[in-house]
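Heads up: the structure comes next, in structure tokens.
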Amino acid sequence: MPSLYHIIKFSFQDIVRNIWLTIVTITILLLALFSINTLATVRLISDNAVAAIKEKIDISLYLKPETAESEIIALKNKIAASAKVKEVIYTSKQSAIVSFRAKYENDPTVLAALQELGRNPLSPSLTVIPKNFDESNLVINDLKMLDSSIIESRDFSDNSAILNKINNITKRVNEVGLVLIMIFVLTSLLVVYNTIRVAIYTHRQEIEIMRLVGASNSFIFMPYVFSALVYALVSILIIISIFYPFLTLLQPYLETFFMGYNVNILSYFVDNFFLIFGVQLLAVLVINIVASLFAVRKYAKV
Amino acid sequence: MITLENVSKSYDHKHKVLKDIFLAIKPGEFVSIVGQSGAGKTTLVRLLIGEERADEGKVMIGDWDITRLRRREIPYLRRQIGVIFQDFKLLPKKTLEENVAFALQVCGEKSSKTKKIVPSVLKIVGLDDKRKRYPSEVSGGEQQRVAIARALVHQPKILLVDEPTGNLDAINANEIINLLLRINRFGTTVVLVTHNKEIVNRLNHRVITMENGQIISDRAHGKYLL
Ligand SMILES: Nc1ncnc2c1ncn2[C@@H]1O[C@H](COP(=O)(O)OP(=O)(O)O)[C@@H](O)[C@H]1O
Ligand SMILES: [Mg+2]
């Protein structure tokens with residue numbers, strides 16, 4: 001086995017002698033990585049947004065305040081019997097006022113107004129949770145047609161339109177993104193292959209002599225594989241140092257856009273740092289090593 | 001030491017560059033191979049170092065059948081055979097000493113061994129005083145002697161020398177041949193491919209003459225025929 005010192009020395013000679021090629025190679029790798037990370041971010045944002053909006057879905061029936069408990073339970077069971085409904089939650093007048101007070105505990109004017117009123121002005125309600133979110137509009141239709149004398153009002157905040165919009169955008173981004181990633185991966189393979197080929201070409205005299213004097217094959221090709229490794233590492237390090245500031249800049253915009261929803265991309269990337277960039281490093285390493293082995297096999301004949 | 005049996009080689013699958021070569025070279029021999037340009041001499045050398053493969057027949061080095069050599073075994077063959085070409089093949093940005101050391105380093109030899117061997121082979125070729133110079137700072141003959149020194153670092157049993165004097169004047173050429181004779185006297189088998197009529201005639205050793213890929217004469221104390 002050749003010494004690590006020689007491998008590293010030869011490798012760095014390549015990298016420096018062909019500095020422009022090195023820059024181009026790393027730039028291409030960066031573009032590939034940036035597109036992958038951007039796509040991952042878009043996905044993450046849309047997943048978060050969808051989850052948050054689903055969480056906020058509210059299909060509620062408000063009932064007349066004087067309705068008897070037994071009537072409410074009967075209605076609740078009737079709605080719950082539908083195959084499209086997962087659960088029906090009953091909120092009595094008393095628990096409605098308790099949560100109302102809790103919600104406005106820091107708002108003395110509201111509480112004072114309640115006090116003034118001297119009675120519980122709130123209605124009991126039934127909140128319907130659909131089994132499948134995509135069927136929520138069907139559930140809403142059913143409830144709209146439900147005929148019951150105890151229903152005072154119906155409140156359906158139908159978010160399915162906006163959800164559809166998000167889903168469509170995500171789908172488009174994914175499609176375009178996948179094509180983009182594929183193009184970049186292929187380009188990276190070719191560029192790394194070409195870089196190693198040129199590196200071998202600039203070293204052709206050394207390689208010829210090495211082969212002549214019986215250098216072990218590993219000695220001849222290891223520096224090139226090592227160079228490929230360096231390209232991979234450097235590009236990952238650069239993408240990390242670009243992407244985190246980028247996310248930090250993006251985060252406030254996301255927060256304004258998804259006002260009231262919990263969408264924190266930055267913390268997701270921080271929490272899953274090793275997973276996200278580990279997988280990417282592995283992928284880039286595989287691409288680079290495959291490309292360099294092909295180049296070495298073909299041009300250094302080892 | 002070297003045996004070729006019924007060896008044929010073609011680069012283009014049509015025209016045979018070597019045809020039915022039978023050849024046996026004993027350990028310690030000094031053999032000259034002569035013949036016009038294009039006769040197939042260099043191809044023969046390339047077969048012996050595993051750079052090319054015979055289409056037919058068998059090439060043996062010692063009891064090593066190199067027609068069956070695997071790719072990863074080639075480096076080990078090359079360490080047993082020193083090769084010298086007309087164009088020296090030195091690295092211009094390394095000193096003479098570094099050029100010689102390079103051959104050991106790239107084979108993964110320890111630097112302690114390199115430090116011992118390099119001065120000794122430079123001494124054999126008479127260049128220990130110029131070891132810090134670069135190839136461009138010495139004569140062609142001296143460059144060729146560095147190439148010989150480099151070929152000696154693995155203490156090869158065989159030295160293949162392809163037109164070593166092609167780029168040299170008569171005086172330098174003679175020095176190279178004398179050096180090869182000296183190395184041969186230590187016991188190394190030397191195969192010398194040459195054009196040079198005076199040299200072959202002066203040597204009065206075995207001479208093999210090739211023409212169109214065939215051996216047309218093989219004499220123990222030969223003269224340059226063509
Ligand atoms: N790599 C090669 N590819 C194709 N033809 C070659 C190659 N090397 C040599 N030849 C041909 O083989 C023949 C013998 O060449 P060579 O062995 O170099 O002869 P010599 O060394 O005796 O001058 C020539 O006709 C030459 O053109
Ligand atoms: Mg020749």
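No hydrogens, no waters, no symmetry mates; every other heavy atom, side chains included, goes into these values.
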Next item on the list: I would like to know whether Phe219(A) and Gln105(B) meet side chain to side chain contact (heavy atoms under 4.5 Å, CB included); could you show each step before the answer?
Entry: CA-CA 10 Å; Phe219(A) 197 100; Gln105(B) 285 160 358; 5.7 Å; no
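- Counted within 6.0 Å of CD on Gln155(B), heavy atoms from surrounding residues, nucleotides or ligands total 12 or fewer; the atom is thus considered open.
- The CD1 atom of Ile209(A) lies 7.5 Å from the NZ atom of Lys89(B); values are rounded to the nearest 0.5 Å.
- For Leu104(B), no part lies under 4.5 angstrom from a heavy atom of chain A.
- Under a cut-off of 6.0 angstrom, the local environment of NZ in Lys123(B) is sparse, with at most 12 non-hydrogen atoms contributed by other residues, nucleotides or ligands.
- Only the side chain of Phe85(B) comes within less than 4.5 Å of a heavy atom of chain A; its backbone N, CA, C and O stay farther away.
- Atom CZ of Arg204(A) is surrounded by more than 12 heavy atoms from other residues, nucleotides or ligands within 6.0 Å.
- When the shell of 6.0 Å around OH of Tyr201(A) is examined, it contains 12 or fewer heavy atoms from other residues, nucleotides or ligands.
- Top candidate by heavy-atom pairs under 4.5 Å with chain A, chosen from Leu90(B), Ile81(B), Leu77(B), Val83(B), is Leu90(B).
- Nearest heavy atom pair, residue Gly214(A) against residue Cys107(B), reads O-SG, 3.3 Å.
- At least one donor-acceptor pair closer than 3.5 Å links the side chain of Arg78(B) to the backbone N or O of Arg211(A).
- Shown here for Val213(A) and His154(B), the closest heavy-atom pair between the two residues is O-NE2, 3.4 Å.
- Other residues, nucleotides and ligands place more than 12 heavy atoms under 6.0 Å from the NZ atom of Lys94(B).
- Closest approach of Pro92(B) and Gln205(A) over heavy atoms only: CD-OE1, 3.6 Å.
- By the 6.0 Å contact criterion, OH on Tyr76(B) is open, its count of non-hydrogen atoms from other residues, nucleotides or ligands being 12 or less.
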Next item on the list: Would you please test Ile49(B) and Leu212(A) for side chain to side chain contact (heavy atoms under 4.5 Å, CB included) and show each step?
Entry: CA-CA 8 Å; Ile49(B) 59 172; Leu212(A) 218 56; 4.2 Å; yes
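- Proximity to chain A (any heavy atom under 4.5 Å) is shown, for Gln80(B), by neither the backbone nor the side chain.
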Next item on the list: Would you sort out whether Arg79(B) and Ser216(A) count as a side chain to side chain contact (heavy atoms under 4.5 Å, CB included), showing the intermediate values?
Entry: CA-CA 10 Å; Arg79(B) 290 177 207 175; Ser216(A) 46; 3.8 Å; yes
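- Within a 6.0 Å sphere centred on CZ of Arg17(A), heavy atoms belonging to other residues, nucleotides or ligands number more than 12.
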